[in-house]
Number of protein chains: 2
Amino acid sequence: MRIVAALGGNALLQRGEAPDAAVQLTHVAQAVHALAPLTADHELIITHGNGPQVGMLAVESANDTTLTAPYPMDVLTAQTQGMIGYWLVRELRNARSGLKVVGVLTDTLIDADDPAFDHPTKFVGPRYPPREAERIADARGWCLRPEGNPGQAMWRRVVASPEPLDILELSAITLLLDAGWVVVAAGGGGVPVTNGGSALGLSGLAGADAVIDKDLTAALLAERLQADALLLLTDVPAIMTGFGTPQARRLIRATPAQLRALPLAQGSMGPKAEAACRFTEHRPGVIAAIGSLTDAAALLTGRAGTLVRATPHDADHPQQVGGARA
Amino acid sequence: MRIVAALGGNALLQRGEAPDAAVQLTHVAQAVHALAPLTADHELIITHGNGPQVGMLAVESANDTTLTAPYPMDVLTAQTQGMIGYWLVRELRNARSGLKVVGVLTDTLIDADDPAFDHPTKFVGPRYPPREAERIADARGWCLRPEGNPGQAMWRRVVASPEPLDILELSAITLLLDAGWVVVAAGGGGVPVTNGGSALGLSGLAGADAVIDKDLTAALLAERLQADALLLLTDVPAIMTGFGTPQARRLIRATPAQLRALPLAQGSMGPKAEAACRFTEHRPGVIAAIGSLTDAAALLTGRAGTLVRATPHDADHPQQVGGARA
């Protein structure tokens, strides 16, 4: 099988942790421990998020007094592709001696007129209490929004997250995959580039101050690479129905239509569900799975996580079991 | 011909300029304007330095109060590979429509016991007046050294610059080149990794807090890729003899032995001359050229810059002409 695996940026840097290199490397090693075994039997493309990392670099850049303007998100996303890509490639080499693995810098085409530029939704960087958030929004001119349960929410910066339309390195990635390489690509959803902006009168490729959702880019990558499976890996074990209630159940299997009918939180599970639907609908032969990074192999067979495919499963309705029986 | 072109990090960010993204992009566009025409007739591998950029990111990281330890140079070099690689790839695409060009994250193997770790020599980041340099050395525990003419020297941080021994992505780069791709690789000399440190008892690949000289990595890359030419591109037109005197002359041609006999400044022209010698000696069919970025095409034919090759040139001695006749 050809598998695209998407790692959450949050999986590499969790809430409350110092964003030190050593801390993130520990998580990278865990990710690689789960993913490396897949390379024995499958073609593997690994992509990753960058929300915490790109937001941290944005704060550093905004605080850099030698700059007359802080670096835009395209440039900072490119920096995170270098950093996280390097970590993943190096640790995959350490996990399997002789493994052919390479990181490819990747640009993702977006529309300069994407309405997302008027409605920033992508959370990046550190969390702030409300009063500090107000100060930062004022000082930086940034847009911040509350994240989490009402009443206990912390505030984070939000940036525009336009739709991924094309991946410019697709044929290079294909060449490497066909020659037996594991490829790390499209980190942080790919560096967002526009190709001529009707409103702006631009010609040629230009960077955009935005962060593309890495799950949606992963779905596009999987589609264009004609992958057989898309793994959307995070820090929760599956999509849950009745989350937070005594009736909470793991959603074992669903068709895209069934998944779209469920209420899923924007910002966390929403884009993963959307990515799973986009990749599987109209493509009966393929699967998407959403679940815990540490269950990567079990997700492929439905032994863990939530498995999505266009062809009907055994039952007409989403199957659910209690967590204890999962 | 297969050509490896090495761009100076200083060429992308010159003394006295704000290190803004927009400023560096202007220089990237100039570099691409000079290099893109070569892709019509030649296989091209582009590598680049990162001294100013990696030093700037190191200052930002050291000032980041959310970190318990600043990022080491391997991680920051990986960030600069992402950033500068992205700029070069994007602008090459803009310069020649339909050009196949891709950026490859690259690790360079070094020896964990390289004596360079005891004698840091590589200048990185901003320049400081002596008093501020003293304060920074004290506060950060960094090693700083004067750069420039005695009496007028500004101080800069120096980091270890170990010898490049191997390039871990060599076969991926070869695959891409053979398939007609222009490849941007080994930025910042490649991310320095050790493979088991005898003194440290490490096993496997680990990152090192060092910055490899990008000219020496370029020479190794050119050798291993069996390139025909190595272009060492900087902001001066050629190696000059009698530099700073009325007898200053452009060195037009030299053999490695002739070049090694000249007194060349450490830190600027020294590594370029060394790289040119390493690549050409024992390899009669190849050339290395040192000169201005804007003269890239003319360097190949000897119409500009300094041309180095192992086979004797027309004369037994280095040929020199006055700058006006060059």
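Numbered from 1 within each chain, the chains take letters A, B, ... in sequence-line order. None of these values were measured; they are calculated from a predicted model.
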Enquirer: Looking only at heavy atoms, what is the nearest atom pair of B:Trp181 and A:Ser171, with distance?
Expert: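 Heavy-atom minimum between the residues: CZ2-OG, 3.1 Å.
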
Enquirer: Using heavy-atom distances under 4.5 Å, tell me whether A:Thr77 contacts chain B through its side chain, its backbone, both, or neither.
Expert: neither

Enquirer: Examine whether an atom of A:Asn63 lies under 4.5 Å from a heavy atom of chain B, and if so say whether it belongs to the side chain, the backbone or both; otherwise answer neither.
Expert: neither

Enquirer: Is it the backbone or the side chain of A:Leu168 that comes under 4.5 Å from a heavy atom of chain B, or both, or neither?
Expert: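 Interface part for A:Leu168: both.
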
Enquirer: About how many Å separate CG of B:Asn94 and CG of A:Asn195, when rounded to the nearest 0.5 Å?
Expert: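 A:Asn195 atom CG to B:Asn94 atom CG measures 7.5 Å (nearest 0.5 Å).
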
Enquirer: Hey, what do you get for CZ (A:Arg90) to CG (B:Leu205), rounding to the nearest 0.5 Å?
Expert: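 Between A:Arg90 CZ and B:Leu205 CG, I get 7.5 Å after rounding to 0.5 Å.
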
Enquirer: For the interface with chain A, which of B:Asp74, B:Val193, B:Val89 has the highest count of heavy-atom pairs at distances below 4.5 Å?
Expert: B:Asp74

Enquirer: Is it the case that atom CD in A:Glu134 sees more than 12 heavy atoms from other parts of the structure closer than 6.0 Å?
Expert: no

Enquirer: Is there side-chain contact between A:Val102 and B:Leu105, with at least one heavy-atom pair below 4.5 Å?
Expert: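 A side-chain contact is absent here, since even the closest heavy-atom pair is not under 4.5 Å.
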
Enquirer: Examine whether an atom of A:Pro72 lies under 4.5 Å from a heavy atom of chain B, and if so say whether it belongs to the side chain, the backbone or both; otherwise answer neither.
Expert: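 Looking at A:Pro72, just its side chain touches chain B.
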
Enquirer: CD of B:Glu17: more than 12 outside heavy atoms within 6.0 angstrom?
Expert: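 Atom CD in B:Glu17 is crowded, with more than 12 foreign heavy atoms closer than 6.0 Å.
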
Enquirer: Highest number of heavy-atom pairs under 4.5 Å with chain A: which of B:Thr66, B:Leu25, B:Val104?
Expert: B:Thr66

Enquirer: Can you check whether B:Arg93 reaches A:Asp107 side chain to side chain, under 4.5 Å on heavy atoms?
Expert: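 A side-chain contact under 4.5 Å exists here.
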
Enquirer: How long is the gap from CE on A:Met83 to CE on B:Met83, to the nearest 0.5 Å?
Expert: 13.5 Å

Enquirer: Is it the case that over 12 heavy atoms from other parts of the model lie below 6.0 angstrom from the CD atom of A:Glu147?
Expert: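 Yes, the 6.0 Å shell around CD holds more than 12 heavy atoms from other groups.
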
Enquirer: I'd like to verify something: which residue of B:Leu76, B:Leu57, B:Val101 has the highest number of heavy-atom pairs under 4.5 Å with chain A?
Expert: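 Highest number of heavy-atom pairs under 4.5 Å: B:Leu57.
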
Enquirer: With distance as the sole test, does B:Asp20 use its side chain to make a donor-acceptor pair with the main-chain N or O of A:Thr68 at under 3.5 Å?
Expert: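 Yes, B:Asp20 side chain to A:Thr68 backbone: donor-acceptor pair under 3.5 Å.
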
Enquirer: Looking at B:Gln79, B:Gln81, B:Glu91, which has the largest count of heavy-atom pairs under 4.5 Å with chain A?
Expert: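 Top option by heavy-atom pairs under 4.5 Å: B:Gln79.
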
Enquirer: Measure the shortest side-chain to side-chain distance between B:Leu175 and A:Lys100 over non-hydrogen atoms and say whether it is less than 4.5 angstrom.
Expert: no

Enquirer: Search all heavy atoms of A:Tyr86 against all heavy atoms of B:Ala78 and return the closest pair with its distance.
Expert: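 Residues A:Tyr86 and B:Ala78, closest heavy atoms: CB-CB, 3.7 Å.
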
Enquirer: So which of B:Ser97, B:Ala69, B:Gly85, B:Pro70 has the biggest tally of heavy-atom pairs under 4.5 Å with chain A?
Expert: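 Between B:Ser97, B:Ala69, B:Gly85, B:Pro70, the count favours B:Ala69.
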
Enquirer: Please tell me if the side chains of B:Tyr71 and A:Gln24 come closer than 4.5 Å, counting only heavy atoms from C-beta onward.
Expert: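 The answer is yes, as the side chains (C-beta and beyond) meet within the 4.5 Å cut-off.
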
Enquirer: If you count heavy-atom pairs under 4.5 Å with chain A, which of B:Ala179, B:Ser61, B:Gly103 comes out on top?
Expert: B:Gly103

